[in-house]
Amino acid sequence: MDWLFWTSDNQQLTGNLKIKGKNQETGQDFVSKGKIINKEKSIKDLPKKYKPSPLNDNNSFNAAKKHEFTPTSIASTSITFTESGMWELEVLVNEKVIGIMQVFVKDSEAGIHYLKN
């Protein structure tokens, strides 16, 4: 899974990424780690219909809307969801929580599904 990062307080996010996931129904959990790297240029080759929305507080989100709305750093993690259901993901950069999100994971016989642009 690739994670895109926008500037925060006029600084590029870099360092260690940690994703803590927990299945809300069973309590099953995982931790995945990655390294956030700077991009020399903003990432502008996102799909045209993709509407990026940073995972952060409303004040930062509203401030980000006024500026160039492209990510400036990226990290990759390997995540295996061992069970279907609702998972809560806590996103930490350098051991500081920057956001929490929920994802619904569904069992699928076909394997990987790709989102259409």
Side-chain angles (χ1 to χ4, degrees):
M1 183 174 294
D2 288 330
W3 298 86
L4 304 175
F5 296 91
W6 285 253
T7 57
S8 176
D9 298 327
N10 294 323
Q11 295 182 356
Q12 269 187 314
L13 288 177
T14 58
N16 297 312
L17 172 66
K18 184 187 292 184
I19 308 298
K20 293 181 179 180
K22 184 171 213 150
N23 186 304
Q24 297 299 289
E25 297 159 7
T26 67
Q28 176 74 29
D29 62 358
F30 69 83
V31 173
S32 183
K33 297 179 180 180
K35 193 78 167 169
I36 304 171
I37 59 171
N38 281 335
K39 300 300 284 181
E40 288 184 19
K41 296 181 180 176
S42 294
I43 302 166
K44 294 182 185 273
D45 57 348
L46 296 171
K48 288 180 183 177
K49 293 183 182 178
Y50 178 71
K51 301 276 192 255
S53 58
L55 174 67
N56 53 12
D57 63 61
N58 287 335
N59 291 335
S60 297
F61 179 73
N62 290 333
K65 284 205 262 189
K66 296 177 185 175
H67 302 291
E68 186 176 342
F69 209 61
T70 56
T72 58
S73 53
I74 189 169
S76 293
T77 58
S78 177
I79 296 176
T80 301
F81 295 100
T82 55
E83 302 173 321
S84 63
M86 186 64 70
W87 287 78
E88 183 174 277
L89 304 181
E90 185 177 55
V91 181
L92 299 95
V93 174
N94 299 321
E95 297 299 326
K96 179 182 174 192
V97 175
I98 64 165
I100 296 173
M101 61 188 290
Q102 292 185 333
V103 296
F104 180 74
V105 176
K106 180 180 173 185
D107 287 331
S108 174
E109 293 178 14
I112 297 174
H113 291 276
Y114 295 95
L115 298 176
K116 294 182 179 180
N117 290 343

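Just so you know, these numbers come straight off a predicted model, no measurement behind them. Just so you know, these numbers use all the heavy atoms, side chains as well, and skip hydrogens, waters and symmetry mates.
Interatomic distance, Ile100 CD1 to Leu92 CG, rounded to the nearest 0.5 Å: 8.5 Å. The CG atom of Leu4 lies 11.0 Å from the CD1 atom of Ile36; values are rounded to the nearest 0.5 Å. The CD atom of Glu95 sits 7.5 Å away from atom CG of Asn16, with the distance rounded to the nearest 0.5 Å.
Connection of Met86 to Ile19 is not established within any shared hydrophobic cluster, with ILVMFWY side chains joined at heavy-atom distances below 4.5 Å, either directly or through further cluster members.
Contact annotation: the side chain of Asn38 never approaches that of Phe5 to less than 4.5 Å [non-hydrogen atoms, C-beta and beyond]. Put simply, the side chain of Asp29 does not reach to within 4.5 Å of the side chain of Lys20, judged on heavy atoms. The shortest side-chain heavy-atom distance between Phe81 and Asn23 does not fall under the 4.5 Å cut-off.
In this structure, Met1 and Ile79 approach most closely via the heavy-atom pair SD-CD1, 4.1 Å. When all heavy atoms of Asn94 and Thr14 are compared, the pair lying nearest together is ND2-O, 3.0 Å. Considering every non-hydrogen atom in both Glu25 and Ser84, the closest pair reads OE1-O, 4.5 Å. When all heavy atoms are compared, the tightest approach of Leu17 to Thr77 is CD2-CG2, 3.8 Å. Minimum interatomic distance between Ser32 and Ser78 (heavy atoms only, all atoms of both residues): OG-O, 2.9 Å. Closest heavy-atom contact between Ala75 and Lys35: CB-O, 3.4 Å.
Each of Met101, Gln28, Gln24 was evaluated against Trp87; a single residue qualifies, Gln28, per the side-chain contact (heavy atoms from CB on, under 4.5 Å) test.
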